[in-house]
Amino acid sequence: MRPVQERWARERLVAVGYDVAVQTPLLATVGARLLWGFDVREMFAEIDRAADLPAGTRVLDVPTGGGLVPRALPPGHGLDVVAVDLSPVMVERARALAERRGVEGVRFAVADATAMPFPDADFDVVLSYTGLHCFADPEAALREFRRVLRPGGELRLTTVVRGAGRRQDDAVRMMRGLGVFGHVGTADEVRGWLGAAGFAAVEGRRMGALAVFSAR
């Protein structure tokens, strides 16, 4: 297992710290603005779109982190959701969040995003929010996302990217030095990875250092 994967899989403090920073409104707002140059409300608005999927949609949430997608779902949402993360701590926190909010219909699993235990074409939608930049091999993860999606299925993705500005690129280098981020591409590189993985109809936009993609 590569060093960045080792940290996420084994170190509780890393997982808890990252989750608290993302899900605590004040920390998330300040961090998004100062480090990454975007309004965190726009990121959560993108994640909240999961609640608009039709009942019965089979959804893979990877990596779930501390439960960003379960957090966006109302009780009785009607979706068939599988939430996956490499970190057992993240899975534990996501499950607890879903229970506190009364969100049923979500199953949780510990798994590597580059080698998931699901059949080909098993999901209608893959949601991957604020996690791709933490992967040692994001291209392999995107190929795996494509594998588990049915033909015509949709990928919704947000990720930190390089190239937004000096301050943001310095923050990326800092996070990589801490062993928290993996291979971080530019927005154009991520678009290229999506095409190489077999995705078409790729649409994207960038908010500061956060890139938002939709692909089929």
Donor-acceptor contacts under 3.5 Å from residues 96-105 side chains, at least two apart:
from, atom 1, to, atom 2, distance (Å)
Arg101, NE, Arg71, O, 3.3
Arg101, NH2, Arg71, O, 3.0

* Say whether Val126 and Val212 are linked into one hydrophobic cluster, either directly or through other cluster members, by side-chain heavy-atom distances under 4.5 angstrom. => no
* Asked: Stepwise, does the side-chain contact (heavy atoms from CB on, under 4.5 Å) test hold for Val20 with Arg93?
  -> CA-CA 10 Å; Val20 168; Arg93 291 175 70 85; 3.7 Å; yes
* Asked: Between Leu157 and Leu60, is there a shared hydrophobic cluster once you connect ILVMFWY residues whose side-chain heavy atoms come closer than 4.5 Å?
  -> yes
* Linking I/L/V/M/F/W/Y whenever their side-chain heavy atoms sit closer than 4.5 Å, directly or via other members, would Val69 and Leu155 fall into one cluster? -> no
* To do: Scan residues 129-181 for pairs that pass ring pair (Phe, Tyr, Trp, His ring centres under 6.0 Å), counting only residues two or more places apart or in two chains.
  => Trp36-Phe181, His133-Phe181
* Answer whether the closest heavy-atom distance between the side chains of Arg33 and Asp39 falls below 4.5 Å. => yes
* Asked: Can you tell me if CZ on Arg150 sees more than 12 non-hydrogen neighbours from other groups inside 6.0 Å?
  -> yes
* To do: Give, for atom OG1 of Thr158 and atom CE of Met207, the distance between the pair rounded to the nearest 0.5 Å.
  => 7.5 Å
* **Pairwise distance CG(Asp19) to CG(Leu68) - rounded to 0.5 angstrom** => 7.0 Å
* Write down the atom of Ala113, the atom of Val62, and the distance for their closest heavy-atom approach. => CB-CG2, 3.8 Å
* To do: Walk me through it: do Arg95 and Val91 pass the test side-chain contact (heavy atoms from CB on, under 4.5 Å)?
  => CA-CA 6 Å; Arg95 181 183 287 113; Val91 170; 4.0 Å; yes
* To do: Find the distance between CZ (Phe123) and OG1 (Thr57) and round it off to the nearest 0.5 Å.
  => 12.5 Å
* What residue pairs, at least two apart or across chains, pass ring pair (Phe, Tyr, Trp, His ring centres under 6.0 Å) with a residue in residues 59-101? -> none
* Structure fact -> Only residue of Cys134, Pro88, Pro63 satisfying side-chain contact (heavy atoms from CB on, under 4.5 Å) with Trp8 is Cys134
* Asked: So which heavy atom on Gly179 is nearest to which on Arg7, and how close?
  -> O-CD, 3.4 Å
* Would you call Glu144 and Arg146 a salt bridge, taking side-chain N to carboxylate O under 4.0 Å as the test? -> no
* Asked: Side chains of Leu142 and Leu194: closer than 4.5 Å at any heavy-atom pair?
  -> yes
* Any chance you could lay out the side-chain contact (heavy atoms from CB on, under 4.5 Å) test for Arg216 and Phe199, step after step, and finish with the verdict? => CA-CA 5 Å; Arg216 290 191 178 274; Phe199 287 98; 5.9 Å; no
* Hey, mind stepping through Arg156 and Glu203 against salt bridge (charged side-chain N to carboxylate O under 4.0 Å, His left out) and telling me if it holds? -> CA-CA 10 Å; Arg156 299 180 184 178; Glu203 298 180 4; over 6 Å; no
* Closest non-hydrogen atom pair, Arg206 against Ala164 -> NH1-CB, 3.3 Å
* **Between CD on residue Glu189 and CD on residue Glu139, distance to nearest 0.5 Å** => 8.5 Å
* Where do Val106 and Ala83 come nearest, in terms of heavy atoms and distance? -> CG1-CB, 4.1 Å
* Asked: Of all residues at least two apart in sequence or in a different chain, which pass the salt bridge (charged side-chain N to carboxylate O under 4.0 Å, His left out) check with Asp80?
  -> Arg58, Arg107
Please tabulate, for side-chain N and O atoms in residues 168-175, each donor-acceptor pair with protein atoms closer than 3.5 Å (sequence neighbours left out).
from, atom 1, to, atom 2, distance (Å)
Asp169, OD1, Gly163, N, 2.9
Asp170, OD1, Arg173, NH2, 2.3

* **Rounded distance (nearest 0.5 Å) linking atom CZ of Arg143 with atom CH2 of Trp193** => 11.0 Å
* **ILVMFWY network linking Val110 to Phe108, side-chain heavy atoms under 4.5 angstrom** => yes
* Asked: Is there side-chain contact between Leu73 and Leu79, with at least one heavy-atom pair below 4.5 Å?
  -> yes
* Asked: Between OG of Ser87 and CZ of Arg10, what distance do you get to the nearest 0.5 Å?
  -> 11.5 Å
* Side-chain donor-acceptor contact under 3.5 Å, Thr114 with Asp112 -> yes
* **Closest non-hydrogen atom pair between Met90 and Ala15, with its separation** => CE-O, 3.3 Å
* Asked: Side-chain heavy atoms under 4.5 angstrom apart, residues restricted to Ile, Leu, Val, Met, Phe, Trp, Tyr: same cluster for Leu127 and Val81?
  -> yes
* To do: Show your reasoning for whether side-chain contact (heavy atoms from CB on, under 4.5 Å) applies to Leu53 and Val59.
  => CA-CA 9 Å; Leu53 290 167; Val59 178; 3.8 Å; yes
Donor-acceptor pairs under 3.5 angstrom involving side-chain atoms of residues 43-51: please list them, not counting sequence neighbours.
from, atom 1, to, atom 2, distance (Å)
Glu46, OE2, Arg49, NH1, 2.8

* Can you find a pair of side-chain heavy atoms, one from Pro70 and one from Asp61, that are under 4.5 Å apart? -> yes
* To do: Return the minimal non-hydrogen interatomic distance between Asp85 and Gly65, and the atom names on each side.
  => OD2-N, 2.8 Å
